[in-house]
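Here is the structure we will look at.
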Amino acid sequence: IRVDMGSSSGNNYPAIFEGGNVGIGTESPSSLLELSKSGDAILTIDSTKSGTTSSDSKIDFKADRPSDGNLAGEIRFYNNGASPITGIYTWRGSSDTKGDLTLYTSNSERMRIDEDGNVGIGTTSPDTLLDLEKGGDHLTISDTTQANAHDGDTQSQLTLKGQYYS
């Protein structure tokens, strides 16, 4: 089925319904919903407030994953290739209401927020609030230089609190 929505400006973006798939701007949609446009393609979800009630714009990703560690949802970004260059992935955690969020670059996991709120960079299993790991390299933590209110000198400061281990 093809539905054409012509306009006076000459722009025509047909909607194609083919084999259960819907395509807008494409003649042969290859997924459940495929949107295609030459040039910048922008998807807008606009929810306006009416009276005293608020309205939200949402995108819900729902999956039925039976066990810990199963991929539950993903947003992937491509640059004209077969493999994603970056992505945001969610993984089912220890129950139906818990999960991990991961960020990928260059097709590798770079950061994870686990179901307990622990953040890991360079590790897939953070075991503390902030777990930074990088084999063989050093860790650099920097701050912008700020003026000292007491004597006009500039300073940077890093404060580590906790127990010292050697």
Side-chain angles (χ1 to χ4, degrees), residues 1-127 129-137 139-140 142 144:
I1 297 174
R2 177 186 176 107
V3 178
D4 287 325
M5 305 295 283
S7 69
S8 60
S9 66
N11 291 330
N12 188 12
Y13 299 102
I16 307 294
F17 302 88
E18 181 174 287
N21 294 337
V22 176
I24 299 175
T26 180
E27 294 288 328
S28 54
S30 60
S31 58
L32 188 59
L33 175 61
E34 184 174 339
L35 309 173
S36 182
K37 180 181 180 266
S38 177
D40 292 344
I42 300 170
L43 175 65
T44 302
I45 300 174
D46 188 1
S47 178
T48 58
K49 186 176 181 180
S50 175
T52 59
T53 59
S54 64
S55 55
D56 298 326
S57 295
K58 299 177 183 176
I59 299 175
D60 289 333
F61 295 87
K62 297 183 178 185
D64 184 11
R65 297 295 178 245
S67 60
D68 189 7
N70 289 146
L71 183 64
E74 54 192 279
I75 300 173
R76 297 179 294 177
F77 302 89
Y78 293 81
N79 183 33
N80 207 16
S83 296
I85 56 172
T86 61
I88 303 168
Y89 299 84
T90 59
W91 306 86
R92 185 188 186 278
S94 61
S95 73
D96 284 340
T97 59
K98 294 184 176 185
D100 294 3
L101 175 72
T102 59
L103 302 177
Y104 277 64
T105 63
S106 302
N107 215 20
S108 295
E109 181 177 327
R110 304 299 182 181
M111 185 172 98
R112 176 179 295 257
I113 303 172
D114 74 10
E115 66 181 54
D116 297 318
N118 294 331
V119 176
I121 299 175
T123 178
T124 59
S125 54
D127 57 7
L129 184 59
L130 179 59
D131 190 345
L132 305 172
E133 295 182 20
K134 180 81 173 168
D137 287 340
L139 172 66
T140 302
S142 61
T144 58

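All heavy atoms count here, side chains included; hydrogens, waters and symmetry mates do not.
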>> How close do Ala72 and Ala63 get, counting heavy atoms only, and between which atoms?
In response: O-CB, 3.2 Å
> Does the Arg65 side chain pair with the main chain of Asn70, one donor and one acceptor, at a distance under 3.5 Å?
Replying inline: no
> If you measure from CD1 on Ile75 to OH on Tyr89, what distance do you get to the nearest 0.5 Å?
Replying inline: 10.5 Å
>> Going by side-chain hydrogen bond (donor to acceptor under 3.5 Å, both in side chains), name the residues that satisfy it together with Thr86, two or more places apart in sequence or in a different chain.
In response: none
> Measuring from Glu115:CD to Arg92:CZ, what's the distance to the nearest 0.5 Å?
Replying inline: 9.0 Å
>> To check you understand the geometry: which heavy-atom pair defines the closest contact between Ser57 and Asp46, and what is its length?
In response: OG-C, 3.8 Å
>> I'd like to know if the side chain of Asp116 and the backbone of Asn118 have a donor-acceptor N/O pair within less than 3.5 Å.
In response: no
> Side chains of Asn107 and Pro84: closer than 4.5 Å at any heavy-atom pair?
Replying inline: yes
>> For Arg110, run the side chain to side chain contact (heavy atoms under 4.5 Å, CB included) check against Thr105, Ile121, Leu103 and tell me which one passes.
In response: Thr105
> Sequence neighbours excluded, which residues qualify as salt bridge (charged side-chain N to carboxylate O under 4.0 Å, His left out) partners of Glu109?
Replying inline: Arg112
> If you round to the nearest 0.5 Å, how far is OG1 of Thr102 from CD1 of Ile113?
Replying inline: 9.5 Å
> How close do Asp100 and Asp114 get, heavy atom to heavy atom, and via which atoms?
Replying inline: OD1-CA, 3.3 Å
> If every non-hydrogen atom of Asp131 is compared with every non-hydrogen atom of Pro126, which pair is closest and at what distance?
Replying inline: OD2-CA, 3.5 Å
> Which pairs with one or both residues in residues 76-91 pass salt bridge (Lys or Arg N to Asp or Glu O under 4.0 Å), sequence neighbours excluded?
Replying inline: Glu74-Arg76
> Roughly how far, to the nearest 0.5 Å, is CD1 of Ile45 from CD1 of Ile59?
Replying inline: 3.5 Å
>> Would you say CG of Asp60 has more than 12 non-hydrogen atoms from neighbouring residues, nucleotides or ligands within 6.0 angstrom?
In response: yes
>> Please find the pair of heavy atoms, one from Ala41 and one from Lys37, that lie closest to each other, and give the distance.
In response: CB-CB, 4.4 Å
